[in-house]
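Below is one structure; the comments refer to it alone.
Below, chain A is the first sequence line, B the second, and so on; all start at residue 1. Atoms considered below: every heavy atom in the structure, side chains included; atoms not considered: hydrogens, waters and symmetry mates.
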Amino acid sequence: MNSLRQIGEPLMKWYQENKRVLPWRDQNNAYYTWVSEIMLQQTRVEAVKPYFQRFMEELPDIEALARCPEEKLLKLWEGLGYYNRVRNMQKAAQEVMEKYGGQLPRNYELLRELKGIGNYTAGAIASIAYEIAVPAVDGNVLRVISRVTENGGDIRKQSVKRQIEEELREVIPREKPGDFNQALMELGAVICVPNGQAKCQLCPIREFCQAHAHGREMDYPKKAAKKPRAVQKKTILVIQDDRSVAIRRRPSRGLLAGLYELPNLDGWLAQEEILKYLRELELEPLRILPIGEAKHVFSHVEWWMRGYQVRVASVEQPLWKELIFVKPEETAEQYAIPSAFDVYANYLKEEKIR
DNA sequence: AACCCGGGGAT
DNA sequence: ATCCCAGGGTT
């Protein structure tokens, strides 16, 4: 009474006929698989494509990745989000250089020990790059399998993920396990979709799907509600002298760790409080001008921002206290600035430095 | 187990 | 406005 045991053949046939052409697919190169899988964590295929192309041109192999300066690494990841992914991948690359002579291990457990490689990614690399018959359970697979088997468990729970991994471990084919895993994900991405109505008419395994048999596709997967996001009010400063603008480096831990940002303060500050901050930095404000509000939504917090342009007397040293005074062109080339600041960073490009 | 960590496209 | 994406690390 295991409907999973029958999905293999029709699923693989469907995949062969319908699989998308992707830059990292059918490359027969474990590094390609690795980089793509890290980029694809919580990130859509279409978003990854341009980043993947550029990344592989700049860092074509594990050694290049291991040696890359952090600033350049973050610049290559700028805008993708979850920036620890790339730092962890570099740590893993350095470990691969030292322990494995620059070759990713052909072993699920050893892959799993590398920084940034969890159950899913270890399974993906092992099965896709090395034809090792292990499951690779991502959000797509959880959705597909919870529907096929009418599994009512909360798919966010570790126990449910483990259970589905075990069920798949018993049915995954010894031949082309990588295609099997990719077929399940592809099915989830284009047929058994996360948003909107599932396209069961087009599904190659609908006759083995318990949820479909009962007309209950949309009742799965079960998922506990997320808690609401916290709101943080912020005051963003575009501090400019006659030729440059101030940025600073964020702390090395926490949100947007190690990236650069426009100087900012917690809360919506009155002009007097902004002046106090500028005095602490020994900057001489010539004028302060409101430049509008903006909102940025992260996965777990919202920033409600109010921006001010602060014109200051000419600053002699580019490195001044906690600030770095840079020409706008330099930020584009060297400093990774998260998109939360886009509204105010764009303000710079509009040639308002006068 | 609960929480933290980005950004954007689809509905 | 909400969901969720080829998840993993930390506490």
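Within the model, atoms CD of A/Q317 and CD1 of A/I324 stand 14.0 Å from one another, a figure rounded to the nearest 0.5 Å. The distance from the CD atom of A/E9 to the CD1 atom of A/I205 is 13.5 Å, given to the nearest 0.5 Å.
By the salt bridge (Lys or Arg N to Asp or Glu O under 4.0 Å) test, A/E322 is found to be paired with A/R248, residues two or more places apart in sequence or in another chain being considered. Contacts of A/E166 classified as salt bridge (Lys or Arg N to Asp or Glu O under 4.0 Å), with partners at least two apart in sequence or in another chain: A/R169.
Salt bridge annotation for A/K75-A/E78: present, with a cationic side-chain nitrogen under 4.0 angstrom from a carboxylate oxygen. Of the charged side-chain nitrogens involved, at least one lies within less than 4.0 Å of a carboxylate oxygen, so that A/K234 and A/D266 count as a salt-bridged pair.
Among the heavy atoms of the strands, none lies under 4.0 Å from A/N181. Within the 4.0 angstrom heavy-atom criterion, no nucleotide atom of any strand lies near A/S36. Contacts of A/R20 with the nucleic acid, taken as non-hydrogen atoms under 4.0 Å apart, include base atoms. Among the heavy atoms of the strands lying under 4.0 Å from A/L22 is at least one base atom, whether or not backbone atoms are also near. Within 4.0 Å of A/L80, counting heavy atoms only, lies at least one base atom of the nucleic acid.
Mapping A/K91 and A/E186 onto DNA chain C by nearest heavy atom places A/E186 closer to the 5' end of the strand.
Rounded to an integer number of Å, the gap from CE of A/M89 to P of C/dG8 is 13 Å.
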Pair up each side-chain donor or acceptor in residues 190-200 of chain A with any protein partner under 3.5 Å, not counting sequence neighbours, and list the distances.
none

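Nearest approach of A/M12 to A/K176, heavy atoms of both residues: CE-O, 3.5 Å.
In summary, contact between chain A and DNA chain B, defined as any nucleotide atom under 4.0 Å from a heavy atom of the protein, begins and ends at B/dA1 to B/dT11 in the 5' to 3' direction.
With no hydrogens or angles considered, a side-chain donor-acceptor pair links A/N119 and A/E165 at under 3.5 Å. One side chain, A/Q309 or A/Q240, offers a donor N or O that lies under 3.5 Å from an acceptor on the other.
The stretch residues 221-232 of chain A touches DNA chain C through A/K223, A/K226, each having a heavy atom within less than 4.0 Å of the strand. Taking a 4.0 Å limit (strictly below) on heavy-atom distances, residues 44-79 of chain A reaches DNA chain B at A/R44, A/G79.
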